[in-house]
Undergrad: 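If you scroll down you'll find the structure; I have some questions about it.
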Amino acid sequence: MVTNADRASHRSRLLPAAVLGTFVAAFLLTGPPGWSPAGAAQPVWPTRGVFTVSGAGYGHGIGMSQYGAYGAATLGKTWQQMMGFYYPGTTVTSRDPGRTIRVQITADNDNDLQVYPSAGLRLNDRASGRTYPLPVGAKYTRWRTVRTSTGYGLRYLNPSGTWVAITPPLSPTAIWTYENTAKMIKIRLPGGVRQELRSQVSLIRSGGGAITTNRLTMEDYLRSVVPSEMPTSWPAQAVQAQAVAARTFAARLQSQTGAGAFFDVCDTVACQVYRGFATTTAGIRTVHETAAGSAAVQATSGKILSHAGQIALTQFSSSNGGHSAPGSLPYLTAQPDPWDGVAKSQSWSVALTTAMVKQAYPTLGTIRQLQVLSRDGFGRFGGRVTSIKIIGSTGASTVTGPAFRFAFGLRSALFTVSGSPNPAYGAFPRRYSSSAADLLAVRADTLVRYPVSSTGMVSLPRTLRTGFAPFTHVVNVGDWDGDGFQDVIARTPGERLLLFRGTASTALLAGVDLGLRSNHTEVTGIGDLNGDGRPDLVVLSVAGNLYVVHGNGALGYTGFAQLAAGWSDRHGFRSPGDMTGDGRPDLVTRQGSAVYLHPGAANSFGSPVRLDDSLAASADLASVGDFSGDGVADLLARDSSDQLVLYAGAGAGRLQPAQTLPTSLSGSRFTS
């Protein structure tokens, strides 16, 4: 259920701009009293182009949690107990419920004020005390106050659709205010929406334009605010807590209104949501006040919170995720909240694609990593994120947690980011979108992907790209460019290496020359051999020298180094991933009638281990990553009759007995 509280979750309950700016600047530099940032987390790479952002709470988390109030009410707590918990150190005081408040009607932004005729409709000149009853009759279909070069003017709309000027006996420079007998003014907003507002409505010259304000009692104002901020179907004590928090918040803003200001509060989430009594859109009338909301206002009539002789700043949000965030004042404390999750779990999760991050931060290029640098230390995950680093192929940017949150519409800054700890992966999986593994092969001119289930069933091939027939080697290298998608490198007859980048659809983009001449007899992807977080290639020169080519995490390489010599008798290179369980990528080669596993070592390989002799009789051998889903890399072979045979990894560099699969595959060559 999406409630008013859910929709209100991002509201900051803003302080006046000057005060807020000073506090935020100080908070970002020093944090609240007693605050110390949590240590930086490890960078996270995307998994198949996606970061998973898991969080809790809904909103800034300062002050009262609305869902916490709901939970507290279900446990029998009163609004007074809720106020004492969420704003410790404050006291309940009373104000005259007849006080008025001025609300800016921000949707009326066309610099005039249009009012529909009603019984006893009149204009008041507040400066002189004069009143002008507006004429009635069929020819007056709508009234309109406009600003003029000297002050204000009055128009009426006749049945033919023409605005006619009329001069009322009022001062043209004084503010004109509409009232009527029912104390309910109906105004027309741009676009034709009709809004019904209690008490009085005025147009006020401001700068080069004009604003519309609604003046009414604080209690009538709250009759619209409370249902707009919290579902009034919730328990009565929770709604009453909302009424006190909203009344106090509005009174605080009003007390800080400067001399000469035209309004005390706005009607949007920047202050508190105020929608008036009702609105009519496309002929459908919606009443925003509710009986339960008005009852909560009446039950707490005039009650506000004070601290040290001043009206308290009663910030609130939908949910604090189980722990409130620190605010700018002594009573806005960070503390565990036992009530927040009682009525509803406040956990959430969002899939954030690298494309979404790139769109928000286009100057960073291809998005490689996200790294949480600091937290406020309060609540789960180590607290709300205070700074996070976005790392791309062309640069990096550090932003605040709230800025990151708002950039992607996250519910709160209380979140953690997960993905892949390393884009090359210790197990070097070759997964695209299937649930188990993927077998890549070249059929005629087309590179295809066969999704393979853990039961050995091979699905119909999915085309990745055509034009692969001439390539002497086709290598599944993992995520070479660091964008979270699986890539392929192919060697041309002209001994060039082309990178074909993966996409969200798994189709490959056009090949990009890596800038390396490859006069090699063997080429295979190896994963991250040197531990720099980027996939590498292992190649064998015509002279029998083994080299590693280090990927640069983009569209090229950083260099290469010789690993061994005297490998002329080796061929059929395959990179299965980590078969030994030590976190390093391994290498499989053929030598004569035998197949060997070369365990990965620091920038090299250890002594070879001979594998099952039946592998040597295979017509083709493929490394598909973790085919069986047990966390150990496997090998897949095709025998002389084109039947697929699984050699599941058993750990420690060993293989389980061969298992013939119910699939025959012919007319294709496996990638290395």
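Values in this document were obtained by computation on a predicted structure and should not be read as measured data. Positions are given from 1 along the sequence.
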Undergrad: May I ask you to decide if G209's main-chain N or O and S206's side chain share a donor-acceptor pair within less than 3.5 Å?
TA: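 Judged by distance alone, no pair lies under 3.5 Å.
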
Undergrad: Please identify each residue that fulfils salt bridge (charged side-chain N to carboxylate O under 4.0 Å, His left out) with R147, with sequence neighbours left out.
TA: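 R147: no salt bridge (charged side-chain N to carboxylate O under 4.0 Å, His left out) contacts found.
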
Undergrad: With rounding to the nearest 0.5 angstrom, report the CG to CG distance, L313 to L332.
TA: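 Spacing of CG (L313) from CG (L332) equals 5.5 Å.
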
Undergrad: Hey, are the side chains of I304 and S306 touching, using non-hydrogen atoms and a 4.5 Å cut-off?
TA: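 Result yes, sub-4.5 Å side-chain heavy-atom pair found.
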
Undergrad: Filter on salt bridge (Lys or Arg N to Asp or Glu O under 4.0 Å), then keep only pairs touching residues 203-222, sequence neighbours left out; what's left?
TA: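 Applying salt bridge (Lys or Arg N to Asp or Glu O under 4.0 Å) to every pair that reaches into residues 203-222, excluding sequence neighbours, yields E219-R247, D220-R223.
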
Undergrad: Considering non-hydrogen atoms only, spot the tightest contact between G59 and R405 and give its length.
TA: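 So the minimum-distance heavy-atom pair works out to CA-NH2, 3.4 Å.
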
Undergrad: Quick one about S374 and T386 (side-chain donor to acceptor, distance below 3.5 Å, no hydrogens or angles considered), yes or no?
TA: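 Note: T386 and S374 side chains meet the donor-acceptor criterion.
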
Undergrad: Only counting residues at least two apart or in another chain, list the ones meeting ring-ring contact (aromatic ring centres under 6.0 Å, His included) with W143.
TA: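 W143: ring-ring contact (aromatic ring centres under 6.0 Å, His included) contacts with Y140, Y156.
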
Undergrad: Any chance you could measure Q104, atom CD, to I204, atom CD1, to the nearest 0.5 Å?
TA: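 Q104 atom CD to I204 atom CD1 measures 9.5 Å (nearest 0.5 Å).
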
Undergrad: Tell me, do H60 and R384 make a side-chain contact under 4.5 Å, heavy atoms counted?
TA: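 Answer no - side chains too far apart.
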
Undergrad: Can you check whether R252's main-chain N or O pairs, donor with acceptor, with S255's side chain at less than 3.5 Å?
TA: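 A pair under 3.5 Å: yes.
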
Undergrad: Which atom names give the shortest non-hydrogen contact between Q346 and Y67, and what distance separates them?
TA: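 Here Q346 and Y67 meet closest at NE2-CG, 3.4 Å.
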
Undergrad: Applying salt bridge (charged side-chain N to carboxylate O under 4.0 Å, His left out), name anything that partners R198, two or more places apart in sequence or on another chain.
TA: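 Checked R198 against salt bridge (charged side-chain N to carboxylate O under 4.0 Å, His left out); matches are E289.
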
Undergrad: Of the non-hydrogen atoms in L222 and P227, which two are nearest, and what is the gap between them?
TA: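 Taking every non-hydrogen atom into account, O-CD, 4.0 Å.
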
Undergrad: Between Y361 and F404, what is the ring plane arrangement, given parallel below 30°, perpendicular above 60°, and tilted in between?
TA: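 Parallel.
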
Undergrad: Using side-chain heavy atoms (C-beta onward) and a distance below 4.5 Å, is Y70 in contact with P235?
TA: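 Contact flag for Y70/P235 side chains = yes.
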
Undergrad: Does anything in residues 178-195 form a side-chain hydrogen bond (donor to acceptor under 3.5 Å, both in side chains)? List the pairs, not counting sequence neighbours.
TA: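 Counting only pairs at least two positions apart or across chains, the side-chain hydrogen bond (donor to acceptor under 3.5 Å, both in side chains) contacts touching residues 178-195 are S118-N180, N124-E179, T145-Y178, E179-Q200.
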
Undergrad: Under a 4.5 Å cut-off applied to non-hydrogen side-chain atoms, are L134 and P117 in contact?
TA: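 Result no, sub-4.5 Å side-chain heavy-atom pair not found.
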
Undergrad: Given side-chain contact (heavy atoms from CB on, under 4.5 Å), test T394 with T363 step by step and report yes or no.
TA: CA-CA 7 Å; T394 59; T363 62; 5.9 Å; no

Undergrad: What residues form a salt bridge (charged side-chain N to carboxylate O under 4.0 Å, His left out) with R102, not counting sequence neighbours?
TA: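 R102 satisfies salt bridge (charged side-chain N to carboxylate O under 4.0 Å, His left out) with D264 only.
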
Undergrad: Short question: side chain of E229, backbone of V226 - any donor-acceptor pair under 3.5 Å?
TA: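 Answer holds: no.
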
Undergrad: Go through the side-chain N and O atoms of T268 and T106 and say whether any donor and acceptor fall under 3.5 Å apart.
TA: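 Absent: no donor and acceptor within the cut-off.
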
Undergrad: Say you draw a straight line from CG of L123 to CD1 of I175; how long is it, rounded to the nearest 0.5 Å?
TA: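 Result: 12.5 Å between the selected atoms.
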
Undergrad: Does the side chain of M64 reach to within under 4.5 Å of the side chain of Q315, using non-hydrogen atoms?
TA: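 Result no, sub-4.5 Å side-chain heavy-atom pair not found.
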
Undergrad: Donor-acceptor pair, T257 side chain versus Q254 backbone, under 3.5 Å?
TA: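 Confirmed, T257 side chain pairs with Q254 backbone.
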
Undergrad: Is there a donor in the side chain of S228 and an acceptor in the side chain of H288, or the other way round, less than 3.5 Å apart?
TA: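 Side-chain D/A pair, S228 to H288: absent.
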
Undergrad: Using side-chain contact (heavy atoms from CB on, under 4.5 Å), reason through I101 and L216 one step at a time and then give a plain yes or no.
TA: CA-CA 6 Å; I101 189 168; L216 71 170; 4.3 Å; yes

Undergrad: Taking all non-hydrogen atoms of both residues, which atom of Q240 and which atom of W79 are closest, and how far apart?
TA: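 That would be OE1-CD1, 3.1 Å.
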
Undergrad: Quick check: closest heavy atoms across A243 and T300, and the distance to 0.1 Å?
TA: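 Nearest heavy atoms, A243 then T300: CB-OG1, 3.7 Å.
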
Undergrad: Just wondering, do I388 and V399 contact through their side chains at under 4.5 Å, heavy atoms?
TA: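 Touching, per the 4.5 Å side-chain cut-off.
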
Undergrad: Give the C-alpha distance, both sets of side-chain angles, the deciding distance and a yes or no for side-chain contact (heavy atoms from CB on, under 4.5 Å) between L203 and I211.
TA: CA-CA 6 Å; L203 183 75; I211 60 175; over 6 Å; no

Undergrad: Using the side-chain hydrogen bond (donor to acceptor under 3.5 Å, both in side chains) rule, take Y58 and N320 through it: C-alpha gap first, then chi angles, then the decisive distance, then the call.
TA: CA-CA 6 Å; Y58 210 166; N320 58 31; over 6 Å; no

Undergrad: Whether the T314 and T248 side chains hold a donor-acceptor pair (N or O, under 3.5 Å, no angle test) is what I'd like checked.
TA: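 Result is no, nothing qualifies.
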
Undergrad: List the steps and the verdict of side-chain hydrogen bond (donor to acceptor under 3.5 Å, both in side chains) for D337 and S324.
TA: CA-CA 7 Å; D337 186 346; S324 60; over 6 Å; no

Undergrad: Give, for atom OG of S199 and atom OH of Y221, the distance between the pair rounded to the nearest 0.5 Å.
TA: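 These two atoms lie 15.0 Å from each other.
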
Undergrad: Short question: side chain of T280, backbone of R285 - any donor-acceptor pair under 3.5 Å?
TA: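 Side chain of T280 to backbone of R285, a donor-acceptor pair under 3.5 Å: no, none is there.
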
Undergrad: Could you walk me through whether V92 and L305 pass the side-chain contact (heavy atoms from CB on, under 4.5 Å) check?
TA: CA-CA 5 Å; V92 178; L305 302 184; 3.8 Å; yes

Undergrad: Mark yes or no for whether S294, through its side chain, and A291, through its backbone, hold a donor-acceptor pair below 3.5 Å.
TA: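 Here the side-chain-to-backbone pair does not exist.
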
Undergrad: Counting C-beta onward and ignoring hydrogens, is there a side-chain heavy-atom pair between T354 and V50 closer than 4.5 Å?
TA: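 Result no, sub-4.5 Å side-chain heavy-atom pair not found.
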
Undergrad: Drop me the distance from I311's CD1 to R95's CZ, to the nearest 0.5 angstrom.
TA: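 Taking CD1 in I311 and CZ in R95, the distance rounds to 4.5 Å.
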
Undergrad: Would you give the length of the straight line joining atom CG of D376 to atom OG of S387, rounded to the nearest 0.5 angstrom?
TA: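 The OG atom of S387 is 11.0 Å from CG of D376, to the nearest 0.5 Å.
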
Undergrad: For F415 and W348, take the angle between the two ring planes, folded into 0 to 90°, and tell me which bin it lands in: parallel under 30, tilted 30 to 60, perpendicular over 60.
TA: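 Aromatic pair F415/W348 classed tilted.
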
Undergrad: Given T416 and S54, is the side-chain hydrogen bond (donor to acceptor under 3.5 Å, both in side chains) satisfied, shown in steps?
TA: CA-CA 5 Å; T416 186; S54 302; over 6 Å; no

Undergrad: Please check if the side chain of T333 supplies one atom and the backbone of Q335 the other of a donor-acceptor pair under 3.5 Å.
TA: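 Checked: no pair found.
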
Undergrad: May I ask you to test the K389-Q369 pair for a side-chain heavy-atom distance under 4.5 Å?
TA: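 No, their side chains stay 4.5 Å or more apart.
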
Undergrad: Side chains of N214 and Y274: is there a donor and an acceptor less than 3.5 Å apart?
TA: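 Checked: N214/Y274 side chains pair up, N/O donor to acceptor below 3.5 Å.
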
Undergrad: Given 3.5 Å as the limit, does a donor-acceptor pair link the side chain of D340 with the main chain of G321, or not?
TA: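 Yes, because the side chain of D340 sits within donor-acceptor range (under 3.5 Å) of the backbone of G321.
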
Undergrad: What do the steps show when you test W45 against F51 for ring pair (Phe, Tyr, Trp, His ring centres under 6.0 Å), and what is the final call?
TA: CA-CA 7 Å; W45 283 262; F51 298 101; 9.7 Å; no

Undergrad: Begin from the C-alpha positions of Q242 and Q66 and carry the test side-chain hydrogen bond (donor to acceptor under 3.5 Å, both in side chains) through to its verdict.
TA: CA-CA 8 Å; Q242 180 65 63; Q66 293 170 310; 2.8 Å; yes

Undergrad: So which atom in S202 and which in T177 form the shortest heavy-atom distance, rounded to 0.1 Å?
TA: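 Looking at all heavy atoms of both residues, the closest pair is OG-OG1, 2.7 Å.
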
